[in-house]
Amino acid sequence: MRRWLLQAFALVAAVSLAACGARGGTDTVDGGTLHLSINQTAEHPMTVALKGMSEGLFERTDGRWTLVIHPNEVLGAQREVIQLLQDDIVELAIVNGSQLENLNHDFRVFNLPFVFDDIDHQMKVVNNPEITDSLYKSLEGLNINVVAAYTGGERSLYTEQGPINTPSDIQGMKIRVQETDTNLRMIRQMSGSPTPMSYGEVYTALQAGVIDGAENNEVSYVQQKHYEVAKHWSYTRHLIIPDYLIVSHKMLERFTPEDRAIFDELLAKSVEDEVRLWNETTQEALVTMQEAGVTITEPDAEAFRTAIEPMINDSLTSEAMRELFDKTRQLAGGK
Ligand code: GCU
């Protein structure tokens, strides 16, 4: 079903861009339809912020550029969509830092446990060109440009059985993680059994008992309805991974300088909007969790830190990573 949908989509996308002369070369064009894939709901803070950007682009270019947002993973899981973007079938996508770590290991630094103290610290780093410029351009050869980073909030553990107070409480439990070595190792350090799978598969896997738990932020836990099937939430706050807006490099080159400036301005605004919406939506998610009778636990934070910390140093396997890590920690407030 999805393959069918994608083939039809690729055809329509090719025809619509060819019609305005945009496909095939790197000459600038002054309009067209762009497609953005995101695996979140239409109400998610990132989707809402990007919707604002889409409206802004349409208005500011007098309707020359249209940005169509495809939520809910309808165009495929993040990993598949990266391939579509590389092939210039989809022009923009939101992908988690974990996915980019698989393309360039240096992205791992921002995906490590405890690398950011909080969302403010994360935001000071991940959109700071002095720190990120060469990292974000490093995938150009794959036709990928990272143009903005949004917060994906603080991630914590949630399980069907609970409560989880210490790392040994998840011993023997299969915990879903995003598909990277960093995530696998992190759950092993906590004494659980990591099970990689894509986001859209988690609800059914929890329901079927294929996994015993997962880790994510409150917004995803509520909007993906995982709380219906895993009612124990434990505030481990072990990760604050950014989500990135990636754009086809060829597409970026097709913007006229004037339109690129408008795009960049709207991009910066979308980042600000997302952080504000993030905080509001997290509070709303918390209320839903409480009303649904989720058991919310403040576990032994030190015990989790002690279990996970050894992997941080081992994960910094190059000079570039170490340098990024040091610059990131230098911007941490007061610690
Ligand atoms: C968060 C994050 C997504 C990611 C998802 C996951 O929702 O924002 O980018 O795909 O977690 O755990 O897969």
Side-chain angles (χ1 to χ4, degrees), residues 46 49 78 82 94-142 144-156 177-178 180-186 189 215 217 236-247 249 252 264-265 267-276 278-279 301-302 304-335:
M46 265 170 239
Q78 289 181 352
I82 289 177
I94 291 284
V95 293
N96 193 263
S98 298
Q99 302 297 335
L100 298 189
E101 172 179 340
N102 289 329
L103 302 178
N104 171 0
H105 287 168
D106 293 351
F107 277 93
R108 182 189 297 154
V109 175
F110 296 157
N111 304 339
L112 287 173
F114 310 121
V115 65
F116 300 115
D117 288 356
D118 50 33
I119 293 175
D120 284 349
H121 175 208
Q122 180 189 43
M123 286 293 111
K124 264 193 239 161
V125 175
V126 294
N127 286 306
N128 179 339
E130 278 174 31
I131 300 178
T132 59
D133 203 38
S134 63
L135 180 68
Y136 290 179
K137 285 188 180 138
S138 68
L139 303 175
E140 259 175 33
L142 300 174
I144 297 172
N145 265 118
V146 175
V147 292
Y150 301 89
T151 189
E154 296 178 335
R155 294 174 80 103
S156 288
V177 290
Q178 297 189 80
T180 64
D181 291 345
T182 308
N183 285 307
L184 292 168
R185 170 139 189 220
M186 183 187 65
Q189 295 281 135
E215 49 85 49
N217 54 65
T236 47
R237 300 185 179 90
H238 51 270
L239 288 175
I240 314 183
I241 306 188
D243 276 302
Y244 297 103
L245 180 62
I246 57 171
V247 183
H249 178 61
L252 275 186
D264 287 347
E265 208 184 292
L267 206 52
K269 181 172 180 303
S270 74
V271 171
E272 277 172 29
D273 288 349
E274 194 263 346
V275 177
R276 180 178 39 77
W278 186 267
N279 293 327
E302 254 335 283
F304 274 95
R305 187 174 272 274
T306 309
I308 300 170
E309 227 159 27
M311 72 173 281
I312 299 176
N313 209 15
D314 300 353
S315 303
L316 302 171
T317 52
S318 70
E319 261 314 300
M321 285 189 204
R322 199 155 273 292
E323 206 179 300
L324 264 181
F325 182 82
D326 291 343
K327 285 185 180 162
T328 302
R329 291 307 305 158
Q330 275 159 18
L331 288 183
K335 290 201 180 163

*Would you sort out whether Asn104 and Leu142 count as a side-chain contact (heavy atoms from CB on, under 4.5 Å), showing the intermediate values?*
CA-CA 11 Å; Asn104 171 0; Leu142 300 174; over 6 Å; no
*Apply the test side-chain contact (heavy atoms from CB on, under 4.5 Å) to residues Asn217 and Thr151: give CA-CA distance (whole Å), side-chain angles for both, the deciding distance (0.1 Å), then the verdict.*
CA-CA 11 Å; Asn217 54 65; Thr151 189; over 6 Å; no
*Give the intermediate values and the outcome of side-chain contact (heavy atoms from CB on, under 4.5 Å) for residues Thr132 and Asn127.*
CA-CA 7 Å; Thr132 59; Asn127 286 306; over 6 Å; no
*Please lay out, stage by stage, how Ile131 and Leu331 fare under the test side-chain contact (heavy atoms from CB on, under 4.5 Å).*
CA-CA 11 Å; Ile131 300 178; Leu331 288 183; 3.7 Å; yes
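Salt bridge absent: Asp181 and Arg185 never bring a charged side-chain N and a carboxylate O closer than 4.0 Å. Between Glu323 and Lys327 a salt bridge is recorded (basic side-chain N to carboxylate O distance below 4.0 Å).
Contact detail for Met123 and Val271: the closest heavy-atom pair is SD-CG1, 4.3 Å. Counting all heavy atoms, side chain and backbone alike, Asn96 lies closest to Gln178 at OD1-NE2, 3.0 Å. Closest approach of Ser98 and Ile241 over heavy atoms only: OG-CD1, 3.8 Å. Nearest heavy-atom pair across Asp243 and Gln78 is OD1-NE2, 4.4 Å. Looking at every heavy atom in both residues, Ile312 comes nearest to Pro113 through CD1-O, 3.4 Å. Taking each heavy atom of Ala149 and Tyr136 in turn, the nearest pair found is CB-OH, 3.8 Å.
Under a 3.5 Å cut-off, the side chain of Arg329 and the backbone N or O of Val115 do form a donor-acceptor pair. Although no hydrogens or angles enter the test, the distance criterion places a donor-acceptor pair under 3.5 Å between the side chain of Arg155 and the main chain of Glu215.
The line from CZ of Arg305 to CZ of Arg237 is 12.0 Å long, rounded to the nearest 0.5 Å. Note that the CE atom of Met311 and the CG atom of Leu316 stand 9.5 Å from one another [nearest 0.5 Å]. In this structure, OG1 on Thr328 lies 9.0 Å from CD on Gln330, to the nearest 0.5 angstrom. One finds the CG atom of Asn102 at 8.5 Å from the OG1 atom of Thr182 (value rounded to the nearest 0.5 Å). Note: Leu139 CG to His249 NE2 = 11.5 Å, rounded to the nearest 0.5 Å. Rounded to the nearest 0.5 Å, atoms CD (Gln122) and CD1 (Ile240) are 6.0 Å apart.
When side chains are defined from C-beta on, Thr180 does not count as touching Asn111, because their heavy atoms never get closer than 4.5 Å. Between Gln189 and Thr306, every side-chain heavy-atom pair lies at or beyond the 4.5 Å cut-off. Put simply, the side chain of Leu184 reaches to within 4.5 Å of the side chain of Val177, judged on heavy atoms. Proximity of Val275 to Glu272: side-chain heavy atoms (C-beta onward) are nowhere separated by under 4.5 Å. Asn128 places none of its side-chain heavy atoms less than 4.5 Å from the side chain of Val125. With a 4.5 Å cut-off on side-chain heavy atoms, Val109 and Leu135 do not count as touching.
With sequence neighbours left out, the side chain to side chain donor-acceptor pair (under 3.5 Å) criterion links Ser156 to no other residue.
By the neighbour-count criterion of 12 heavy atoms within 6.0 Å, atom NE2 of His121 is densely surrounded, having more than that number from other residues, nucleotides or ligands.
Judged by distance alone, the side chains of Asp106 and Ser138 never bring a donor and an acceptor atom under 3.5 Å apart.
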